[in-house]
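Here is the structure we will look at.
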Amino acid sequence: MINSTADTSSEPEVPPDTRLGRFLWNCRYHPKRELWFAWWVMVVFYQLYGVLFFLVTRVQPPPSPAWDTPMIVQWFDDRHHGLLAGFGIVFLISGMCAPMNALLAYSMRRMSVSRVFAYSYLIMYSLSAIPGMLVMAIAMTVGALRPDRDPELIRWLYDFAFLSFSGTMGVFLVGSVVWLVAILLDKNNVFPKWFAYLGLCNALTEVVVAPAWIFQRGAFAWNGAIAWWINMVVFVTYTAVFIVLLRRMIEREDFGTGPLPDLPDKDETVPAGSVGALR
Amino acid sequence: MTHVAGPRPQLAEKPKFVPGQPDMWLFVLFEALLFTGYFSVYLVSRTQNQELYLQSQADLDLRIGVVNTIVLLSSSWAIARCVRAARGGAYRSALTYAFVTIGFGVVFVISKVLEWIHEIGMGNTFTSDEFFQHYFFLTSLHCIHVLIGFIVLGVVIYQLWSSKRRSQELVETGATYWHTVDFLWVLIFAMLYVVR
Amino acid sequence: MLWALPAIVIIWVSAFLLFPGFVHPMSPTMSAEEVAAFYRDETARIRYSMILFNWFGVGLIPTVILLAMQVRRMAHRTPILSYCLIACAGGPPTLFLIANMFWLLGSFRPERAPELTQLLNDLAWVTFTVLVPYLVAQCLVLALAIYWDRQDEPVFRTWVAHFNLLIAVALAPAAFGAVAFTGPFAWDGVLSYWVKNIAIAVWIVVMGVVLGQTIRRRRVETTVAA
Amino acid sequence: MNNKRLVVVWAILTVLTLIYVWMDEAVDQNGTLTASTVVTVSAIAIALIKVRIIFREFMEVRHAPAWLCRLTDGWVVLVATCLLGSYFVGSAIAG
C-alpha cells in the first residue's frame with residue numbers, strides 16, 4: 001500500500017518487482033518511512049474510527065438526550081454486543097492516536113516557529129483522547145455490561161458517555177488555535193494559509209458544542225442540527241483536508257530547515273539521484 | 001504578492017487583483033456557508049413554531065439592531081478607507097482609520113452587551129425559549145468573531161506602525177476579515193430582528 | 001531518574017499486595033450485595049492501598065521519557081517516533097488514576113446503596129483492565145524504532161524490539177476485558193488480568209535494566225570522548 | 001473620487017437598513033408581531049443585496065479577477081437558495 005504513494009522516490013537499485021517486495025523495501029530503506037508510517041497510521045485510524053463508531057457500536061449519529069429511561073435501556077439492549085466488542089477494538093487501537101499526533105507535531109516542528117507549538121500541541125492532543133474518547137468508551141462499556149442494572153444508573157452512564165464525548169471542547173479548541181497560529185507565523189510554507197483559516201472555523205465549532213451541556217432537546221442538544229450535524233461536516237472537512245495536506249507535506253519534505261520546496265509537476269519524474277543524495 | 005496578476009491589456013485601466021491573501025477568501029466563503037447552515041436551522045425551527053418566535057421577537061428592540069448595523073457599517077467603511085490610504089502610501093491616515101474601525105467595533109460590542117443585559121433583565125435568557133436560544137447563540141458567536149477581529153485589527157495596526165513592515169497584503173487580508181464580520185451581522189440582523 | 005524506578009516498583013508491589021481485590025482478583029460475576037459487602041469489610045485496605053497507588057501511579061512517566069530520549073539518539077531522520085513515546089507517556093497513568101479514583105470513591109461511603117457501589121466497582125475494573133492502548137502503542141513504537149535504528153552501535157539490541165513486540169501481544173487481549181464475565185477474557189481471567197499485569201511488571205523490570213545499561217554505556221563513552 | 005464613492009456606498013447601505021424600520025412599522029399592529037411572508041422574503045433579499053454591495057465595494061471584488069466575482073455572486077445565490085428554501089420548506093411542513 002505504501003508503495004503506491006512512495007515509489008516515486010525509490011532508489012535506483014530498488015530490487016523487487018512484486019508489490020510485497022516493494023512494500024518491504026520501502027519499510028526498510030525509504031528515507032521518509034517514519035513519516036509515511038505515521039501518515040498511514042492516521043489514515044487507518046480515522047477509517048477504523050468511522051467504522052467502529054458508526055457501524056459496529058452504532059453510537060454515532062448520537063441518539064437523543066431527551067429520551068426517557070426505558071428507551072435508553074432499550075437502546076443499550078439493542079447494541080449490547082456491538083458496544084462491548086466495538087469498544088474493545090477501540091481500546092485496542094486508540095494508541096494509534098500517538099503516531100498521528102506525533103506527525104501533526106512534526107509538521108509544526110518543520111515550520112520556522114518555536115518548538116513550543118509542537119510540544120504544546122503534542123501534549124494537548126495526547127491528553128484529549130482520554131476525556132474525548134476513552135472515557136466515553138468506558139462509560140458505554142459499563143452501561144452495556146449489566147443489562148439488569150438499575151435503569152436510572154444506565155441513564156446516568158448514557159449521559160456521562162455522550163457528554164464526555166461531545167462536551168470535551170477545550171483541548172481541541174486550543175489545540176486547533178495552536179496549530180493555526182503556527183501556520184500563520186510559519187515562513188517555511190509547510191501548510192497553505194487557508195488551512196489556518198479553516199482551522200479557525202474548526203476551533204469555532206468547538207465553541208458551538210458548548211450548549212450540548214445545557215439543552216436536552218433542539219438544535220443545540222448533543223444530537224442537534226447545529227451542535228452535532230453542522231459540526232460534524234466541518235470536522236470531517238477539516239480532517240480530510242489535513243490528511244491530504246500532510247501527505248503533500250511528506251512528499252515535499254527535504255529534511256532541511258528552510259522553506260519546503262514545492263512539488264514538481266506530475267509529468268516530471270523525480271530524479272532518482274536527488275533521493276540518493278538525501279540518504 | 002497577489003497583486004502581480006498584471007494588467008490585462010483588453011481590460012480597463014486598472015489591473016485586476018485579489019484584495020489580500022486569496023486564502024482569506026476561502027475562510028470568508030466557508031464561514032459564511034457555516035452561518036447559512038445555522039440560519040437555515042433557525043428558519044426551519046421558526047416556521048415550526050411561528051407563534052412563539054413572534055412573541056419572543058417582540059421583546060427585541062429593532063432600533064438597537066439598526067444602530068448596531070449602522071455602527072458596524074461605519075466600521076467597515078473606516079477599514080475600507082484604511083486600505084485605500086495604505087495603498088496610497090498615506091500610512092498616518094491609514095493608522096487613524098484603523099483606530100476608528102476599532103472604535104466602532106468597541107461601540108458595537110458595548111451596545112451588544114448592554115442589549116444582552118437588557119434582555120436578561122426582561123427574563124429572556126439562553127435557556128428561556130427557542131427563539132432566545134438562537135438569538136443568544138448567533139449574537140454571541142458573532143461577538144466572538146468581533147473579538148477575533150480586534151486581534152486581526154491589531155495585526156493590521158502592527159503592520160502599519162513601522163516602516164519596516166507595512167505589508168499591504170496583510171492589511172487587506174485583515175480588512176477582508178473585518179468586512180466578513182460586518183456582512184455576517186447584516187445577515188444576523190435580518191434573521192433575528194426583521195424576519196416575520 | 002532511573003534510580004527511582006526500583007523504589008517505585010517496590011511501592012507498587014506492596015500496594016498491589018495490600019489491595020484486597022488484586023491477589024484474588026474480584027470476579028465480575030459478584031452480585032451487587034457481595035461487592036458492597038466487600039467494600040464494607042475491606043474499607044481500610046482498599047483506602048490505604050489506593051492512596052499509595054494514587055501517590056505513585058505516575059511513577060512510570062520518567063522511565064518512558066527516558067526511553068523517548070534514547071529513541072531520539074537513534075539513527076532516524078525525524079523525531080516522530082520519540083514524539084510518539086512522549087504522546088503515550090501520560091495515557092496509562094491518567095487512566096489508572098481514573099480507576100484509582102473510582103475505587104477510592106467506592107470505599108468512601110461503603111454504606112451507600114449496593115447498586116451504586118457495584119457501579120463504581122465496574123467503572124474501576126473496566127478502566128483498570130482496558131488501560132492498555134497506550135502501553136501497546138508504546139511497545140510497538142519502541143520496537144519499530146529499534147528495528148529502524150540502523151547504525152554500527154545501535155542504541156538498543158534487536159532482542160529488545162522482539163521483547164517489546166511480545167509484550168504488546170500479551171497486553172492486547174486485555175482491551176476486551178469487558179466482553180465476558182467468565183473465562184480468560186473476563187477482567188479477572190488469565191489473559192485480561194494475569195497475563196496483562198505480569199507483562200507490565202516484566203516490561204518495567206526488563207526495560208529498567210536495559211535502560212540502566214544503555215545509560216551507563218553512554219556515560220562511559222562520553223567520558224572517554226572527553 | 002474613490003473616497004466619495006465609499007461614502008455613497010455607506011449611505012446606500014444605511015438607507016437599506018432604515019427600510020427595515022419602515023417595514024417593521026408597516027407590518028405590525030400596535031406592537032404585536034404578525035407573520036408575513038412578504039416581510040421575510042424582502043428582509044432576506046435586502047440583506048443579501050447589502051451583502052453583495054459590501055462584497056463589491058468595501059471588499060473590492062469589483063477590481064478582482066473574474067473568478068472571485070463569480071464565486072461571490074454564486075455564493076450570494078447559494079445563500080439565498082438555502083435561506084428561502086429552508087423558510088418555504090419549513091412553512092410547507094408546518095402546513
Side-chain angles (χ1 to χ4, degrees), chain A residues 65-66 169 173-174 176-177 180-181 183-187 189-238 240-242 245 259 262, chain B residues 1-2 18 20-46 48-49 52 125-138 140-149 151-152 155 167 169-170 173-174 176-177 180-181 184:
Chain A
M169 307 167 284
L173 170 69
V174 180
S176 307
V177 171
L180 81 90
V181 171
I183 295 171
L184 288 178
L185 294 178
D186 168 42
K187 293 193 174 62
N189 209 11
V190 177
F191 285 111
K193 302 287 181 226
W194 58 261
F195 178 65
Y197 301 129
L198 190 63
L200 184 59
C201 293
N202 186 56
L204 286 168
T205 60
E206 297 294 338
V207 176
V208 171
V209 179
W213 286 100
I214 302 173
F215 295 109
Q216 295 178 9
R217 49 172 57 78
F220 299 101
W222 76 53
N223 68 338
I226 288 177
W228 197 81
W229 289 97
I230 294 181
N231 280 357
M232 201 57 181
V233 171
V234 178
F235 177 72
V236 169
T237 315
Y238 180 71
V241 165
F242 78 62
L245 288 179
D262 279 330
Chain B
M1 301 302 108
T2 46
V18 178
Q21 298 166 349
D23 308 72
M24 180 51 99
W25 282 93
L26 190 111
F27 171 81
V28 171
L29 297 181
F30 196 80
E31 192 66 9
L33 277 184
L34 215 57
F35 267 88
T36 308
Y38 301 148
F39 296 148
S40 299
V41 172
Y42 163 75
L43 282 173
V44 170
S45 14
R46 186 186 170 92
Q48 304 312 304
N49 203 350
L52 179 136
T125 61
F126 192 35
T127 47
S128 58
D129 69 50
E130 248 186 65
F131 174 79
F132 278 99
Q133 275 174 33
H134 284 282
Y135 165 81
F136 279 105
F137 170 70
L138 288 172
S140 51
L141 191 61
H142 178 261
C143 221
I144 292 172
H145 282 75
V146 177
L147 296 179
I148 297 171
I151 299 172
V152 173
V155 173
S167 150
E169 185 187 32
L170 280 182
T173 308
T176 304
Y177 178 85
T180 309
V181 170
L184 286 177

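All chains are named by letter (A, B, ...) in the order of the sequence lines, taking the proteins before the strands, and each is independently numbered beginning at 1. Please read these numbers as outputs of a predicted model, since none were measured by experiment.
Put simply, CG on Leu180(A) and CZ on Phe27(B) are 10.0 Å apart, with the number rounded to the nearest 0.5 Å. Summarising the geometry, atom CD1 belonging to Ile226(A) is positioned 4.5 Å from atom CZ belonging to Phe137(B); distances are rounded to the nearest 0.5 Å. Leu204(A) CG to Phe35(B) CZ: the interatomic distance, rounded to the nearest 0.5 Å, is 7.5 Å.
Asp23(B) has its side chain out of reach of Phe195(A): every pair of non-hydrogen atoms, C-beta onward, lies at least 4.5 Å apart. Annotation: side chain of Phe215(A) is in contact with side chain of Phe126(B) (closest heavy-atom distance under 4.5 Å).
Looking at Leu33(B), there are no atoms closer than 4.5 Å to chain A (heavy atoms on both sides), in backbone or side chain. Both the backbone and the side chain of Thr127(B) come within contact range of chain A, with heavy atoms under 4.5 Å apart.
Nearest heavy atom pair, residue Ala219(A) against residue Val41(B), reads CB-CG1, 3.6 Å.
When each of Met24(B), Gln133(B), His134(B), Glu130(B) is checked for heavy-atom pairs under 4.5 Å with chain A, Gln133(B) comes out on top.
Tyr197(A) pairs in a side chain to side chain contact (heavy atoms under 4.5 Å, CB included) with only one of the listed residues (Leu26(B), Thr173(B), Val28(B)), which is Thr173(B).
The distance between the ring centers of Phe220(A) and Tyr38(B) does not fall below 6.0 angstrom.
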